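These figures come from a predicted structure and were not determined experimentally. Letters A, B, ... mirror the listed sequences (proteins, then strands); counts begin at 1.
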2 protein chains.
Amino acid sequence: MKQVKFMLSEKEMPTSWYNILPDLPKPLPPLLHPGTKEPTILPPPLFPSAMRDQEFSKERYIEIPEEVQDIYKIWRPTPLHRAYRLEKALDTPAKIFYKYEGVSPAGSHKLNTAIAQAYYAKQDGIKRFATETGAGQWGSALSLGTAFFGLECKVYMVKVSYQQKPYRRIMMETWGAKCVASPSEDTAIGRKILAEDPHSPGSLGIAISEAIEDAFGRDDTYYSIGSVINCVLLHQTVIGQEAKKQMEMAGFYPDIIVGCVGGGSNFAGMFLPFVKDKLEGKKPKLRIINVEPEACPSLTQGPYAWDYGDIAGMAPIAKMNTLGHTFIPDKIHAGGLRYHGMAPIICHLHQLGFVEAKAVPQTTTFEAGIQFARTEGIISAPETSHAIRVAIDEALACKKSGESKTILLAHSGHGHFDLAAYDDYLTGKIKDHKVSAAKIKEALAQLPQVEYAGA
Amino acid sequence: MKQVKFMLSEKEMPTSWYNILPDLPKPLPPLLHPGTKEPTILPPPLFPSAMRDQEFSKERYIEIPEEVQDIYKIWRPTPLHRAYRLEKALDTPAKIFYKYEGVSPAGSHKLNTAIAQAYYAKQDGIKRFATETGAGQWGSALSLGTAFFGLECKVYMVKVSYQQKPYRRIMMETWGAKCVASPSEDTAIGRKILAEDPHSPGSLGIAISEAIEDAFGRDDTYYSIGSVINCVLLHQTVIGQEAKKQMEMAGFYPDIIVGCVGGGSNFAGMFLPFVKDKLEGKKPKLRIINVEPEACPSLTQGPYAWDYGDIAGMAPIAKMNTLGHTFIPDKIHAGGLRYHGMAPIICHLHQLGFVEAKAVPQTTTFEAGIQFARTEGIISAPETSHAIRVAIDEALACKKSGESKTILLAHSGHGHFDLAAYDDYLTGKIKDHKVSAAKIKEALAQLPQVEYAGA
């Protein structure tokens, strides 16, 4: 009988997060203050002290608090699957494995950091979080994270998503969070925008600004972000540490690891423990492929440059591959991949040649998602389907070449709240959104002028 | 560190289903033909031969085909959780465990039988299934089951649900099934009803009639049912067999097992392997509580009588607790619990005193569902929340009495597609639906006259 899943016991769950910073061959450039443009830390009134320490920590392993581990155990360790049925449908000699984060109650990897953030905020005596959400994945994860620790949570949800995805909003409310459509009447910036345009559909940039204003204005409130920054990637390294042990159980080491990247936290969480092997010279041939949408190709088409983390220029400036902080991608269904920049750690590793990147058109990702659903059963988030596309392409390349490569797919979450997108695909309403060079050029003209030459 | 989940390896997954029929102290009454009213079998042109054999088999253990086991492994064995966080919130000395079937790709236990049915149909050389679905759980499970075996699937979905729950319909289509609103133009009975009332909202009874007509009319097509009959309960016994081993791992034997019942297949799948211990006299004090909605109280208020399985009187007549086959329950959100009868095996065990039953009002089930979501993280199906209500009530009774009972909850599935119902609850729109004695009396007047005295 074949083994389909490789499961770890709770005792085998990692007890530390892996911090790659001390292992990097060249140091990661710092964050710069958006005003002074000098090196800075995560702003103290907005972030838990533990996370500020973690952001540039020199410790290789950072212990996961026991209370956080106990909550992780509700769904972790997550399964590693061998995709026998997909392999058979593709008639490929490749071996495809996927690590499935969709078993979390919030439906994706996002809960790994949401719980840590809520725990640390509680430690600091904070009572409340404010955050933004686009499609709703992050807002739901933080709503549950805060519910576990008895904290309040206020989510500013981009109005167009708030209207299109009521189930995500209800999910947050079921866990006890308050969710408002952004722009809202609850902040000065929201009121200003509504005064100018009462029918504003909102944007992630506006929602971030509302959440930050909310958190700045109250002593009992932190601001929370679900990706991009170092400590959020750190919290996600439970994924890759588990996957490494599980691949050992299966008796294979991957030739290729593939995952989708928006801010980059899910895929970095998977690959950082494997990159360690490359940094140590152990696995020079391992390929790590970051998959992004053709509509928002920061790694494949954006320069490695200093840029603001947010549209309003309130967040720190980071060195990253960016399409420009004013770049607004087309409204593809993979809302979680519509970020103008990319996690600085990923960009740094990309610069150093340890990871690669690929952009894929939207229609082909739905085709891959459907094939995955009909063979492996799981209906995937449109974000995840970007990674599935490339995993399938690599498996088909093996079919041509006759090679029996081992492919490890980072499966970030299910698509139960994205079925309207599947309906659009099945009824022929999905199109591709290749971005024009002119659009990128226009946004890149808005990059900040930075004199800093320290890194 | 405490252990939160008790997981079995794939090797520990049951390789047989447990058939209780040979262990019953008194034989189960037969099915009667709806025309002749004489003992009958499942109609051959509609059901796989293997299932016809299983329906009244004398074998205690029936081997699960290897191909079915391989597909089960995508999500099985399912986890057994200790609900530490709920226990703490209730401040109870009771120990609450739950066996979680929501990790299946279709979101509930229904997939356990859907895969077996599709496998057996394929063995018989059948190419296609026709079935009905109310809220959509069963239709989605069979859509995925048939996708795994390359069969076609046509689902007649009650029109009002088809319109209210588009995500369920899209889920089926994503897996490749065809789903139409019932009454449809695709059958004679559908066309007849539409001719009389073009705006008919449909009913489960109409949808069953359409599916049966479809299957009767084509040699390549079987009809499929997702609960009630013996062999479907049989397929669900993987749940209870796993749970028994997992409770042993946890070091406890349940004092109380609780689950929700509509047709009864999920909860019977859980409790039948435990009832075996009671039949053998080993666990006389074990309580098994079937929870049903106050709006459809077949076990608590229906007589144990001969009645048709369907509204149209086309299905076999079974001896069961029934509210009458013409009984139409109010439109509570737990659509899966709106069946006029109950699995004959459950009713028989109820008659013999091995299991008990309790009916609960709708509002209290949502209250329980919310408490479960905010402590254990999982958003439950409204059906499951009926069982959660009683599990919590029993735990609170322990708090009063100071007893530290062990409660095992059969958690049948997640509520990702039921969030509109949660929204109604959170905004005060949910009410109770206690059924009137007059309504039951009226439906019971339509029970068939049966002379059969064999059992």
Side-chain angles (χ1 to χ4, degrees), chain A residues 1-11 13 15 66 69-77 79 81 84-85 102-107 111 144 147-148 150 166-171 173-176 369-370 373-379 414-423 425-427, chain B residues 1-11 13 15 66 69-77 79 81 84-85 102-107 111 144 147-148 150 166-171 173-176 369-370 373-379 414-423 425-427:
Chain A
M1 302 282 279
K2 55 191 174 193
Q3 191 168 355
V4 174
K5 285 190 313 305
F6 299 88
M7 304 291 294
L8 299 171
S9 69
E10 289 183 1
K11 282 183 190 160
M13 195 174 78
T15 56
E66 197 170 310
Q69 289 188 48
D70 276 344
I71 298 179
Y72 276 178
K73 288 179 198 164
I74 292 177
W75 75 98
R76 303 207 73 85
H81 288 252
Y84 279 113
R85 302 180 58 83
V103 292
S104 106
L111 199 53
L144 179 53
F148 282 140
Y167 276 27
R168 277 282 173 202
R169 189 252 311 155
I170 303 165
M171 198 173 200
E173 291 170 347
T174 297
W175 284 320
I370 295 272
R374 293 184 184 175
T375 51
E376 294 297 316
I378 294 165
I379 295 177
H414 65 63
H416 295 174
F417 302 104
D418 302 291
L419 284 166
Y422 277 86
D423 200 34
Y425 176 73
L426 291 167
T427 52
Chain B
M1 303 278 281
K2 57 189 170 192
Q3 190 168 355
V4 175
K5 284 190 312 304
F6 300 87
M7 303 291 292
L8 299 171
S9 69
E10 290 182 1
K11 281 181 192 162
M13 194 173 78
T15 55
E66 198 170 309
Q69 289 188 46
D70 276 344
I71 297 179
Y72 276 178
K73 288 180 197 164
I74 292 177
W75 76 100
R76 301 207 77 84
H81 288 252
Y84 279 113
R85 303 180 58 82
V103 292
S104 106
L111 200 52
L144 179 53
F148 281 140
Y167 276 27
R168 278 282 172 200
R169 189 253 309 156
I170 303 166
M171 197 172 200
E173 291 170 346
T174 297
W175 284 319
I370 296 270
R374 292 183 186 175
T375 50
E376 294 296 315
I378 294 165
I379 295 177
H414 65 63
H416 295 174
F417 302 104
D418 303 291
L419 284 164
Y422 277 86
D423 199 33
Y425 177 74
L426 291 167
T427 53

State, to 0.1 Å, how close B:Gly377 and A:Pro105 come at their nearest heavy-atom pair, and which atoms those are.
O-CB, 3.5 Å
Here the pair of heavy atoms bringing B:Phe417 nearest to A:Leu419 is CE2-CD1, 3.5 Å
Structural part of [X] lying under 4.5 Å from a heavy atom of chain A:
X: B:Glu173; value: both
X: B:His416; value: both
X: B:Arg374; value: both

Under 4.5 Å from a heavy atom of chain B, the part of [X] involved:
X: A:Met7; result: side chain
X: A:Ala106; result: neither
X: A:Arg168; result: neither
X: A:Leu111; result: neither
X: A:Thr375; result: backbone
X: A:Leu426; result: side chain

Contact between A:Arg85 and B:Asp70 at the side-chain level, heavy atoms closer than 4.5 Å - yes or no?
no
Are the side chains of A:Trp175 and B:Ile379 in touch, meaning some heavy atoms are under 4.5 Å apart?
yes
Would you say A:Glu10's side chain and B:Val4's backbone share a donor-acceptor pair under 3.5 angstrom?
yes
Quick check against the 3.5 Å criterion: does A:Lys5 have a side-chain atom that pairs as donor or acceptor with the backbone of B:Arg76?
yes
Top of [options] for chain B proximity - count of heavy-atom pairs under 4.5 angstrom:
options: A:Thr174, A:Val103, A:Ile378, A:Ile71; result: A:Thr174
options: A:Trp75, A:Phe148, A:Tyr422; result: A:Phe148
options: A:Lys73, A:Gln69, A:Met171; result: A:Lys73

Sort out for me which of B:Ala147, B:Ser104, B:Ala420 touches chain A most, counting heavy-atom pairs under 4.5 Å.
B:Ala420
For B:Phe6, what residues pass the ring pair (Phe, Tyr, Trp, His ring centres under 6.0 Å) criterion, not counting sequence neighbours?
none
I'd like to check the ring pair (Phe, Tyr, Trp, His ring centres under 6.0 Å) partners of A:Tyr84; sequence neighbours left out, ordered by chain and number.
none
Any chance you could lay out the salt bridge (charged side-chain N to carboxylate O under 4.0 Å, His left out) test for B:Asp423 and A:Arg169, step after step, and finish with the verdict?
CA-CA 9 Å; B:Asp423 199 33; A:Arg169 189 252 311 155; 3.0 Å; yes
